[in-house]
Structures are given as structure tokens and as C-alpha cells.
Amino acid sequence: MPTTEETARDTIQQLFERQGPTALALRQSKAGERVRKLERLRDALLSRRETLYTAFEADLRKPRVEVDLTEFLPVVDEARHAIARLSRWMRPKRVGATLTTLGTSAKVLHQPRGRCLVIGPWNYPVNTLLGPLVSAIAAGNTVILKPSEMTPQVNAVVAELVAEVFDATEVALVQGGVQTAQHLLALPFDHIFFTGSPAVGKIVMAAAAQHLTSVTLELGGKSPTIVDESADLAQAAQLIMWGKLTNAGQTCVAPDHVFVHRSVSERFVQLCREAIAARYGQTPDAIAGSPDLARMITPRHAQRVGALVDEAVARGARVAAGGEHTTEARYVAPTLLTDVPAEAAISHEEIFGPVLPIEAYDDLDEVIRRVNAAPKPLALYVWSRDRRVAERVIEQTSSGGVCLNLCVQQYAHAGLPFGGVNNSGIGNAHGVFGFKAFSHERAFLAAGPVTLLKWFFPPYTKLSARLSRLLVQSLKWI
Ligand code: NAD
């Protein structure tokens, strides 16, 4: 079980206080300064590629291609996107006068929130910590970062990187688990950006409420995937298995389970089975020996996912591929399950492992009803060549994001908001949305040469009464 020493309450308190004056000074920081910091952060990250490959091998046995695509690429792209656009994002946005404020001039100012806290999960420990850091720095804040205690090797490299680029009075990384997180959450931060489970998200939001601190919550959940009878099945199976098995299924936006139309379900299951064999091996031993499949983060997590599979099978689910798991080796085989009964735990818990339940459906309305009866997911994926089907599903459901004939890639589009809805999250990350999450949108209104307000000062006369009535009435026509 990975362990990291908890950081003492006093150390955290001192760091927080030392960041106070920096946060005030950063209010006046210019785009150029912030861009230079982002460039230094990006370069420090890229200079540690080899060290991080080794650290990821130790913590997650994560293949290098996956480290490149899911850890380096999103952070470097986030930095590139912000560097190119920051001066535009920071520029005050002029707003025209409205009828009731004629004669004034208005703009929206983006000011840094101040002292921010970023708490990360273990599944993408670089991406989920440094991605929000890019947005926080772009917006001119100080930051305390708290990575998950589950990835000690990666954290050691990230801690060194952060200390090289920033003074601790601006950005500091503290290590530890629940206790450290609780010391941090007791402080009156100006904003908290949390990535993790809905259960801990509720603890974070309750703690933030004590200081009325604003929060961005990037949470998880069960992202449903619908494959209808018109879908390009081969393409769907290829991409769904990629989305499911990257990082061994430990991905917040992974397709959690699939509803496939009964007329094509057998073929779809066969195509998914073939994708596993082509990518990881033809036999259970070959698959277990594949260097291209990451491991569960701890034996406890492997045991949890293995137990979900065993319980579903004990209740009547059929194993269409895989099913093997070994706790100590942190291994769960890529697994396809069919005929999973509704009462099995795997039908309700976020799976967060390389296991895909596939359910045949007859009636799309029933699938939509099931999706709407569950907590709102982080993502919903539709595979169909019939636009009306896609529109029907998209209009009648809710989720953080939605993809048509794609999955997971919505995360990589820096121009799109990335976030959940209710149980899967509050607020957005990425690009300008991340910049806004870490900014206070401050309303600015200045007097013009004339003010119409004087017509409405007391003592109220017949004229002011007529004018006020006319003003209210006129809003209906103008
Ligand atoms: P987690 O909620 O268990 O832990 C996240 C962080 O919270 C860790 O740093 C941990 O130390 C801290 N923490 C744990 N218990 C706490 C407590 N009682 N009080 C205060 N802090 C506490 O999540 P995890 O297991 O690290 O990550 C998996 C979850 O994260 C999944 O649900 C996944 O879907 C979600 N996730 C979401 C996104 C996203 O962008 N929406 C990205 C990655 C992961």
C-alpha cells in the first residue's frame, strides 16, 4: 500500500500565510509574466520525461505511450493553448449599456481569485495536478497542490519540478493523505479545485462551505455508452475498447458500461473480444504478460474490481472475455460481461477497472429512462449513423459531456469545457473555462457624462411617478 507521510498542520498553516502577500501582488501581474511561468513549467515537465516514465512504471506500470498521451500531452497542450490566448482572456470585456443604465460604461474584469488549493486523484497524477495548475497560474493565483498519496514515485518528481519552477510563496506542493487534505480544507482558501470521487467531493464542498470558498469539483461516475443498430460496429468496438482499457480502465471518462441493440449485440461482443486479443494477446497468459496494459493502483483496488466481477458472475452474469484477476500482482484481465443482473454491485458502482458490462436492449426509450434514473454521468457516448437517434439521446439525457461515434477524446479539446453535472461535478476545467474557474469575474461600471438617475430622486413628484411607470412599461417594447 503506498504511503506518504502526512504534512503537519503548522507547516500547512505557515505556507498558506506566506502565500498571502504573493496573492495580493499577483493581482497586478501582466500576461507576459504569467506566460513566462507557464513556459518554465512546461519545459520543466518535458525535461523530466525519462524520470517520469520510470516513476509511472513503479506506481501504475503504465506504458510509455499512455504516459505520453494521457499525462504529458494534455498538460503541454493546456499550456500551449493558454500561452497563445492569455492576453486576450485577460483583456477586460466591454459590455454595452442597457436601457436602465444608459449613459454608463461597463466591462467585465477577470481578477485572480487569490490563494487556491488543488487536490488531485491518483489515476492521472500529473495531468490532474498540473493541468489545473496551468489554469491557476494563467489566472494569476498562488496555489497549494496536494496530490494523491497513492502515487509516491510520481509525486516525488512533480514535487521537485514545482520547487524548481516556483517559490513556495507562490506554488507549493504538500504530500499526504486524508489528514493532510483535512488540514488544508480547514483553511479559508479563495478557491478549491478538487478532482476525485463524488463521495470525497461532498466532504470537500462541506468544508468549503465553512468559509464560503468557491469550488470546482471534477468528479466521476458511471458513463453510459449506447450503440444502436445503425452504428459502425467495428469502429465502435475499436474505440470503446481503447477508452475502456487505457490506464487499465482507471479513467474518469472511460465508457463504464454499454447498451447495445439486441440485433447487433453478439457481433459487437465478438468485435470487442477480437480487439482485446489483437492488442494484448490471444491467451490469458499472453494478456497477463502484455507490457501494454497498466496495473491497478494497489492490491486493494485490484481486489475491489475482481470482487465486482465475481459477485456479478455469482448472480448470473456471463464472462464473454477475461475474468481473471490476481490481487497481489494488481492485475485484472480485460473483461467483457454480458447478462449482468440489475442487482449486481457492478451495475451501480463506478467500475474504474478494465471490465466492460455489455447489455442488449430492445427499446431505446427504456435505455434513456435508465440513464435518467441514474446520477448524471461525467460523459455519455452514442454510436449511431442515424442522426435522429443521436439527437434523441442527446436531447433527452444530461451528462457533463457527450460524444457521437467517439469516446474520451472530448477531454483533449482545449476549446471545450470539461466538467460534470451535479453528481459528476460542478464547474469546468480546460482552456478559457479553466482560466475562468480560477478567476473572479468582477463587474465594473463607470459613470458617463450624464446620469438619468437624477429624475428619480425624492421627493417623488407626479413627473417622477410617470417616468418610472413609463420606464417599466417601455421594457416590454424596447
Ligand atoms: P478520492 O476522492 O478517493 O481521492 C482524491 C483526493 O482526495 C486524494 O488526494 C485524497 O488524498 C483526498 N481524500 C481522500 N479522502 C479524503 C477525505 N476524507 N477528506 C479529504 N480528502 C480526501 O479519488 P481517487 O480514488 O484518488 O480517484 C478516483 C476518482 O476520481 C474516480 O471517481 C474518478 O472518476 C475521479 N476522477 C475524476 C476526474 C475528472 O476530471 N472529473 C479525473 C480523474 C479522476
Side-chain angles (χ1 to χ4, degrees), residues 1-4 6-7 12 59-60 70-71 74-75 116-133 135-136 143-152 154-155 158 173-187 189 191-209 213-223 247-254 256 296-298 300-301 304-305 348-353 375-379 399-401 408 411 418-430 434 437-438:
M1 179 73 174
T3 51
T4 312
E6 301 283 351
T7 305
I12 288 172
D59 283 340
L60 273 154
T70 66
E71 301 283 1
V75 180
C116 298
L117 170 64
V118 173
I119 298 182
W122 52 262
N123 62 331
Y124 290 99
V126 166
N127 174 351
T128 56
L129 210 65
L130 299 190
L133 180 62
S135 301
V143 185
I144 295 183
L145 299 162
K146 209 292 286 171
S148 164
E149 65 279 24
M150 303 282 171
T151 51
V154 172
N155 295 352
V158 176
L173 184 146
V174 300
Q175 303 224 34
V178 176
Q179 205 182 81
T180 300
Q182 284 172 351
H183 295 329
L184 287 161
L185 288 171
L187 296 170
F189 279 95
H191 190 70
I192 298 174
F193 189 107
F194 170 81
T195 307
S197 60
V200 179
K202 289 175 192 172
I203 296 172
V204 170
M205 197 163 172
T213 295
S214 53
V215 290
T216 303
L217 302 177
E218 295 284 346
L219 311 177
K222 289 180 81 65
S223 297
N247 208 30
Q250 301 164 110
T251 303
C252 58
V253 283
D256 181 272
M296 301 283 98
I297 184 72
T298 67
R300 177 169 64 81
H301 289 75
R304 184 191 74 85
V305 177
H348 309 283
E349 271 182 43
E350 181 180 7
I351 300 171
F352 227 56
K376 290 176 196 157
L378 186 56
S399 62
V408 178
Y411 188 89
F418 180 78
V421 50
N422 298 131
N423 197 66
S424 52
I426 293 178
N428 285 311
H430 293 181
F438 284 100

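Positions are given from 1 along the sequence.
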Are the side chains of [Y] and [X] in contact, using a 4.5 Å heavy-atom criterion?
{"X": "K222", "Y": "P375", "result": "no"}
{"X": "V253", "Y": "F418", "result": "yes"}
{"X": "V126", "Y": "V158", "result": "yes"}
{"X": "T195", "Y": "Y124", "result": "no"}

message: I'd like to check the salt bridge (Lys or Arg N to Asp or Glu O under 4.0 Å) partners of E218; sequence neighbours left out, ordered by chain and number.
response: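 Not a single residue meets the salt bridge (Lys or Arg N to Asp or Glu O under 4.0 Å) criterion with E218.
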
Can you name the side chain to side chain donor-acceptor pair (under 3.5 Å) partners of [X], sequence neighbours left out?
{"X": "K146", "answer": "none"}
{"X": "N127", "answer": "Y411"}
{"X": "S399", "answer": "none"}

Taking atom [atom1] of [X] and atom [atom2] of [Y], what is their separation to the nearest 0.5 Å?
{"X": "M150", "Y": "L60", "atom1": "CE", "atom2": "CG", "value": "11.5 Å"}
{"X": "M205", "Y": "K202", "atom1": "CE", "atom2": "NZ", "value": "11.0 Å"}
{"X": "I119", "Y": "T128", "atom1": "CD1", "atom2": "OG1", "value": "11.5 Å"}
{"X": "I192", "Y": "I144", "atom1": "CD1", "atom2": "CD1", "value": "11.0 Å"}
{"X": "N423", "Y": "L219", "atom1": "CG", "atom2": "CG", "value": "7.0 Å"}

How close do [X] and [Y] get, counting heavy atoms only, and between which atoms?
{"X": "S223", "Y": "C252", "result": "OG-O, 4.1 Å"}
{"X": "G196", "Y": "P121", "result": "CA-CB, 4.3 Å"}
{"X": "G249", "Y": "A254", "result": "O-CB, 4.3 Å"}
{"X": "L217", "Y": "G201", "result": "CD1-O, 4.0 Å"}
{"X": "K376", "Y": "S424", "result": "O-OG, 3.1 Å"}
{"X": "T213", "Y": "F189", "result": "OG1-O, 2.8 Å"}

What residues form a side-chain contact (heavy atoms from CB on, under 4.5 Å) with [X], not counting sequence neighbours?
{"X": "N428", "value": "P417, F433"}
{"X": "V200", "value": "F194, S197, V204"}
{"X": "S214", "value": "R113, H191"}
{"X": "N155", "value": "P147, T151, Q175"}

Residues 177-186 side chain polar contacts: donor-acceptor under 3.5 Å, at least two apart:
unit_1: T180; atom_1: OG1; unit_2: E6; atom_2: OE1; d: 2.5
unit_1: T180; atom_1: OG1; unit_2: T7; atom_2: N; d: 2.9

task: May I ask you to decide if the ring planes of F193 and F438 are parallel, tilted or perpendicular, using 30° and 60° as cut-offs?
output: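 Answer is parallel, since the angle falls under 30°.
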
task: List the steps and the verdict of side-chain contact (heavy atoms from CB on, under 4.5 Å) for T298 and W122.
output: CA-CA 11 Å; T298 67; W122 52 262; over 6 Å; no

- prompt: So, does Q250 use its side chain to make a donor-acceptor pair with the main chain of I297 at under 3.5 Å?
  reply: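 Flag set: sc Q250 to bb I297 pair under 3.5 Å.
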
field: Verdict with reasoning, L129 to L173, per side-chain contact (heavy atoms from CB on, under 4.5 Å)
entry: CA-CA 10 Å; L129 210 65; L173 184 146; 4.0 Å; yes

